[in-house]
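Scroll down for the structure; my scribbles are underneath it.
Predicted model, so just to flag it, every value in this text is computed and none were measured. Reckoned from all heavy atoms, side chains included, excluding hydrogens, waters and symmetry mates. Numbering of residues begins at 1 and proceeds along the displayed sequence.
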Amino acid sequence: MRNIYLYYIAILAPLAFLLYFMRTDQLNSWVLILGIIVYSIVYRTYIDGLRLVSKGFIERSDIWKMAYNGRRFQYFKELYFK
C-alpha cells in the first residue's frame, strides 16, 4: 500500500461506515464502541503495518508488534506524509 491516497481511503472508509450506520440507528451504542475498539486496535495496526512493510521499514512478522509501546508513533512521518 504505497499509494498515500489509497491508504487514507483504507483508514477512513470504515469510520465512515460506522458513522453512517450510527446515524441511521442501525447500531446501538455498545456495537459502536466495540467497532471503534476493533478499528483502532486490530484494523489500524494491520493497515499501518502493511503500509510500513510495503515501504520497507518493518518486516511482515513485526506488524502486530506495533500494537503496543507506541511503535506506530515511531513511524508517524513515514505513515502519514511520505
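In this structure, the side chain to side chain contact (heavy atoms under 4.5 Å, CB included) partners of Tyr5, at least two apart in sequence or on a different chain, are Asn3. Remark: Ile37 pairs with Ile33, Ile41 by the side chain to side chain contact (heavy atoms under 4.5 Å, CB included) rule, at least two apart or across chains. For Tyr20, the side chain to side chain contact (heavy atoms under 4.5 Å, CB included) partners two or more places apart in sequence, or in a different chain, are Thr24. Annotation: side chain to side chain contact (heavy atoms under 4.5 Å, CB included) contacts of Ile36 (sequence neighbours excluded): Leu18, Leu32.
Under a hydrophobic-cluster definition in which Ile, Leu, Val, Met, Phe, Trp and Tyr are linked whenever side-chain heavy atoms come within less than 4.5 Å, directly or via other members, Ile9 and Leu19 are assigned to different clusters.
Considering only heavy atoms from C-beta on, Arg51 comes within 4.5 Å of Ile4 through its side chain.
Of all heavy-atom pairs between Arg60 and Leu50, the closest is NH1-CD2, 3.4 Å.
Note on residues 28-44: pairs passing side chain to side chain donor-acceptor pair (under 3.5 Å), not counting sequence neighbours, are Arg44-Asp48, Arg44-Tyr80.
A distance of 5.5 Å separates OH in Tyr46 from CD1 in Ile63, rounded to the nearest 0.5 Å.
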